Amino acid sequence: MRVLIADPIAPDGAEILEQRGVDADTRLGLKEDELTAAIADYDGLIVRSETKVTPGVLAAAKKLQVVGRAGVGYDNIDVEAATGHGVIVVNAPSSNTISAAEHTLAMMLSVARHVPQAHSSLAGGEWNRRKFLGTELRGKTLGIVGLGRIGTEVARRAAAFEMRILGYDPFVAEEHGRHLGAEIVNLPTLFEQSDIITLHTPMTDSTRRLIGEPELSQMKSGAILINCARGGLVDEDALRSAIEDGRIGGAALDVFITEPPEGSPLFQHPNVVVTPHLGASTEEAQSNVAREVAEQMIDVFEGRTPRYAVNAPLVPPETAAELAPYVPLALVVGRLASQLADGQPERLSISFRGAVGELATDILAATVLSGFLQTGTETRINIVNAGTEANRRGIHVQQSKDATQTLPYTNLVNLDVQTTAGETTVGATLTERGQTEIVQVNGYQVGIIPTGGHWMIIRHTDRPGMLGRIGTVTGENNINIASLHVSRESMRGPALTVVNVDESPEPRHIDAILGIDGVDTVRVVNL
């Protein structure tokens, strides 16, 4: 595996990759055409905010499996195009949380106490204490827009300053706010009552220019706006006008619509503090984000679900360890059903029963679907684009969950495939030892542990000598049988035999088995 590091990151990231046998090449400052020309040779790409991962870059990335953003925001990556190409996008949302929260408090204090301006004045030989009369944070109302990881940490620190805290976040429960000592309110109320407003939301179509002329006009006279999140959240021209007109008291900006900004009247205003996107610029944060992105890339390369996949179903941290053993099981279920089904698939029904039904199973459903769709196609299909690919093919997918046990199994993952030729069902369970065991194929009870080798699934009539005849074919052709399982509906009735062999049967071997009286079908599958 090879990874291209296109933006500066802490050396910890490259070291982790190299330790796991991944070649990490650092090539900084690549222009889009240079990156497009180079990316075809790489399985992974790591960027920060400088490098743009465009549809053109992704189209040229024939081997690319994962793009890692060493930071929180990922608006420089075309996630939709990545998803279409089956490329997983990961970020590091937790590693710079404390760094960004602390910088927010630093900016808040700098504006309230005129720290940069006072420093410049004194360094220039002027001693003027009256000019820089500040204000205390204690007793002031802080409005936090976005109570995610960073907003939460800002609230905890602001509480130590004895501030009243208001919070707005449509995805956060009021209970979380109460735990932080914050009152959850709507945006107009937050704007009207806050002395200081700080932004901590991601950049999306709905949050772009979240703060414009209408919002600034709702704020208290003298209010201070702080943005250490994403530059596009604030209409900079509207902010400049509001400050110059005295409608708000000032601003502190760490991020800008264009970075680096090409000069701005805001920079010269005495009530504005600016820094060059330093929110995550601490040694600790840079080390953490580099490590977190590198470790997630290893997860992708080794077939595990990364912790923070932007374009994949969410894996709740509290259930990640419980979900992990079911991922290979879900993949096998999808792969087996795909190789057994005839005709064009029309509907896939995925069910989770027992203990697995108590978990957040969206990631497992996506894994089942990717296993089913990736067989027999050169298109890269995985958890990020399986749903899109199913829609493109006109396949209806439904998922159901039930925590009730399906005895004798404590957990059961089942896939029912409806095609133009009929129905195929596969069910599997996770054993007490953590092994995947296929327990049901088309209504037959089986016990398949999907280890190495090749598998022949033979549908036939149960009759004396049948297994001997099958064994004769394999023996005469030097095909060694590793294991064999027979399931039947009734004595001398329809039966299913599953044979695990060490060598891959050739078409002539399959024809020989099909020539045995009573054999209906033989399917060779790879698990």
Side-chain angles (χ1 to χ4, degrees), residues 329 332-349 351 371-372 375-376 406-409 412-429 431 435-527:
L329 179 152
V332 165
V333 167
R335 284 177 174 170
L336 179 56
S338 178
Q339 294 174 76
L340 293 177
D342 293 317
Q344 297 298 315
E346 298 177 332
R347 179 183 299 273
L348 271 64
S349 299
S351 64
F372 182 84
T375 302
T406 304
L407 296 175
Y409 311 111
L412 188 66
V413 177
N414 193 81
L415 173 61
D416 182 275
V417 182
Q418 297 286 341
T419 75
T420 53
E423 181 180 10
T424 297
T425 60
V426 173
T429 189
T431 68
Q435 283 184 309
T436 293
E437 181 179 354
I438 299 165
V439 295
Q440 190 271 339
V441 173
N442 290 335
Y444 291 95
Q445 298 303 307
V446 297
I448 304 173
I449 304 295
T451 53
H454 307 270
W455 298 81
M456 292 190 296
I457 298 182
I458 306 168
R459 188 165 57 84
H460 60 89
T461 301
D462 177 41
R463 61 178 55 174
M466 178 61 72
L467 299 184
R469 295 186 182 95
I470 294 172
T472 296
V473 173
T474 59
E476 289 178 348
N477 291 280
N478 199 33
I479 299 173
N480 189 52
I481 295 178
S483 66
L484 183 148
H485 183 95
V486 181
S487 177
R488 62 185 186 177
E489 293 181 8
S490 61
M491 293 175 58
R492 299 178 184 266
L496 192 76
T497 291
V498 179
V499 186
N500 182 209
V501 293
D502 295 335
E503 291 77 27
S504 177
E506 298 176 10
R508 60 187 179 91
H509 305 147
I510 302 304
D511 289 340
I513 295 174
L514 283 170
I516 299 171
D517 185 33
V519 172
D520 298 318
T521 62
V522 179
R523 191 65 58 90
V524 177
V525 299
N526 181 4
L527 300 181

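Since we're looking at a predicted model, the values are computed, not measured. This chain uses plain numbering: 1 for the first residue, then up along the sequence.
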Tell me the closest heavy-atom pair linking [X] and [Y], and the distance in Å.
| X | Y | value |
| --- | --- | --- |
| E503 | N480 | OE1-N, 2.8 Å |
| G334 | L415 | CA-CD2, 4.1 Å |
| I510 | P505 | CD1-CB, 3.8 Å |
| I470 | I516 | N-CD1, 3.9 Å |
| T424 | A341 | OG1-CA, 3.5 Å |
| P345 | T419 | CA-CG2, 3.9 Å |

Residue list, side-chain hydrogen bond (donor to acceptor under 3.5 Å, both in side chains) with [X], at least two apart or on another chain:
| X | value |
| --- | --- |
| T429 | N411 |
| N526 | none |
| N500 | none |
| T497 | H460 |

I'd like to check the side-chain contact (heavy atoms from CB on, under 4.5 Å) partners of V525; sequence neighbours left out, ordered by chain and number. L336, Q339, L340, W455, I457, R523, L527

Mind checking what makes side-chain contact (heavy atoms from CB on, under 4.5 Å) contact with S490, not counting sequence neighbours?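 Once residues adjacent in sequence are excluded, S490 has no partner under the side-chain contact (heavy atoms from CB on, under 4.5 Å) criterion.
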
In this structure, NE2 of H509 is separated from OG1 of T474 (nearest 0.5 Å) by 10.0 Å

Interatomic distance, CG@L329 vs OG1@T436, rounded to 0.5 Å, equals 4.0 Å

Would you please test I479 and H454 for side-chain contact (heavy atoms from CB on, under 4.5 Å) and show each step? CA-CA 10 Å; I479 299 173; H454 307 270; over 6 Å; no

With [X] via salt bridge (charged side-chain N to carboxylate O under 4.0 Å, His left out) - residues at least two apart:
| X | value |
| --- | --- |
| D520 | R459 |
| D511 | none |
| E506 | R508 |
| R492 | none |

Is a donor on one side and an acceptor on the other found under 3.5 Å between the side chain of [X] and the backbone of [Y]?
| X | Y | result |
| --- | --- | --- |
| S338 | R335 | no |
| S487 | L496 | no |
| T420 | G343 | no |

Can you give me every donor-acceptor pair (side chain of residues 442-450, partner residue at least two apart or in another chain, under 3.5 Å) with its distance?
residue: N442; atom: OD1; partner: T425; partner atom: N; Å: 2.9
residue: Y444; atom: OH; partner: E489; partner atom: OE2; Å: 3.3
residue: Q445; atom: OE1; partner: Y409; partner atom: OH; Å: 3.3

Using a cut-off of 6.0 Å, state whether more than 12 heavy atoms not belonging to Q435 lie near its atom CD. yes

Heavy-atom side-chain proximity of L412 to V439 below 4.5 angstrom: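 In contact.
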
Quick one: which residue pairs count as a salt bridge (charged side-chain N to carboxylate O under 4.0 Å, His left out) with a foot in residues 471-488, not counting sequence neighbours?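 Passing the test, one end in residues 471-488: D462-R488.
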
